[in-house]
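Since the structure comes first, as structure tokens, the remarks are kept for the end.
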Amino acid sequence: MPVELLRASFAVVAGARAEIEALLALPSGYHRDLQEIKAPLLRAFGRGLAALRLFARLAAELDWDRERLAAAVADPALGATDRALERVRAGQPFRDAYREVKRGLGGDAAWDPRASVAARISPGAPGRLELERLRDRLEQLRPRLEG
């Protein structure tokens, strides 16, 4: 199963990283000891690249149960931080906003999980590529690049 192999790959890469960090921490005058980094570095890169191939296979085979996922994030308590931060942006001290939301005065019905996630997707990230914006910026720079 790819998931178990991915987990094992992480352990191998983390172990190689620990080896490299320990070698880099050694006091040395001529740094000949750094030649010992090659083996863990190659091992980590080899295992990491293999894990990427496994992950691609795993991601392609995932089957999401959208109804269960939607139900899992429908709990209004998950939006408590969002509601408290909305109140802070409106000028209320966080401590008061937090207490108010905690007491249930934050308006649970107003929280929308989809809007909350959408507000956290950065420009350029999957789901919000904003390629038009990038294209416009490149067009503005074109005269300077060509000149």
Side-chain angles (χ1 to χ4, degrees), residues 1-90 92-99 101-102 106 108 110-147:
M1 188 77 211
V3 177
E4 289 86 3
L5 294 174
L6 283 172
R7 184 177 59 186
S9 294
F10 170 77
V12 170
V13 172
R17 178 181 174 188
E19 279 183 79
I20 293 168
E21 288 175 347
L23 284 166
L24 291 174
L26 293 173
S28 176
Y30 297 104
H31 301 293
R32 290 189 66 206
D33 49 356
L34 294 182
Q35 66 188 345
E36 297 298 325
I37 288 175
K38 184 177 181 180
L41 188 64
L42 292 176
R43 184 172 58 253
F45 270 97
R47 191 55 83 93
L49 291 172
L52 285 175
R53 287 190 297 276
L54 286 172
F55 185 77
R57 185 175 136 212
L58 173 68
E61 294 176 7
L62 285 177
D63 184 25
W64 301 99
D65 185 340
R66 295 186 182 277
E67 289 179 22
R68 286 183 65 192
L69 289 169
V73 298
D75 182 359
L78 292 175
T81 302
D82 284 358
R83 291 189 309 279
L85 292 176
E86 286 170 9
R87 293 172 182 274
V88 169
R89 282 190 288 276
Q92 188 175 20
F94 181 81
R95 180 184 350 203
D96 298 338
Y98 172 81
R99 286 181 181 152
V101 169
K102 184 178 176 186
D108 291 344
W111 183 69
D112 177 14
R114 290 182 187 269
S116 176
V117 171
R120 285 162 181 71
I121 297 175
S122 301
R128 189 174 168 196
L129 293 177
E130 296 190 17
L131 294 177
E132 301 80 26
R133 188 171 158 193
L134 180 59
R135 191 176 303 112
D136 292 343
R137 289 178 64 192
L138 287 172
E139 287 302 320
Q140 290 173 358
L141 290 173
R142 185 180 304 275
R144 292 188 358 207
L145 295 172
E146 292 174 348

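Excluded from the calculations below are hydrogen atoms, water molecules and symmetry mates; all remaining heavy atoms, backbone and side chain alike, are included. The chain is numbered in sequence order, starting from 1.
Under the salt bridge (Lys or Arg N to Asp or Glu O under 4.0 Å) criterion, E86 pairs with no residue, sequence neighbours left out. Every residue two or more places apart in sequence or in another chain that forms a side chain to side chain contact (heavy atoms under 4.5 Å, CB included) with L69 is listed here: W64. With sequence neighbours excluded, the residues forming a side chain to side chain contact (heavy atoms under 4.5 Å, CB included) with R128 are I121, P123, E130, listed by chain and number. Under the side chain to side chain donor-acceptor pair (under 3.5 Å) criterion, S116 pairs with D82, R120, not counting sequence neighbours. Shown here are the side chain to side chain donor-acceptor pair (under 3.5 Å) partners of R7, two or more places apart in sequence or in another chain: there are none. Among residues two or more places apart in sequence or in another chain, the side chain to side chain contact (heavy atoms under 4.5 Å, CB included) test is passed with F94 by A84, L85, V88, Y98. The side chain to side chain contact (heavy atoms under 4.5 Å, CB included) check on L129 picks up L131, with sequence neighbours excluded.
By the 4.5 Å heavy-atom criterion applied to side chains, L24 and L34 are counted as neighbours. A heavy-atom distance below 4.5 Å is not found between the side chains of L145 and L138.
Considering every non-hydrogen atom in both V13 and A44, the closest pair reads CG2-O, 3.6 Å.
To the nearest 0.5 Å, atoms CZ (R57) and CG (L62) are separated by 11.5 Å. The structure places CG of L58 at 10.5 Å from CG of L5, a figure rounded to the nearest 0.5 Å.
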Pairs under 3.5 angstrom only: tabulate donor-acceptor contacts from the side chains of residues 46-53 to other protein residues two or more places apart or in another chain.
none

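For residues 34-43, the pairs satisfying salt bridge (Lys or Arg N to Asp or Glu O under 4.0 Å) are E19-R43, with sequence neighbours left out. A side chain to side chain donor-acceptor pair (under 3.5 Å) check over residues 138-147, counting only residues at least two apart or in different chains, returns the pairs E139-R142.
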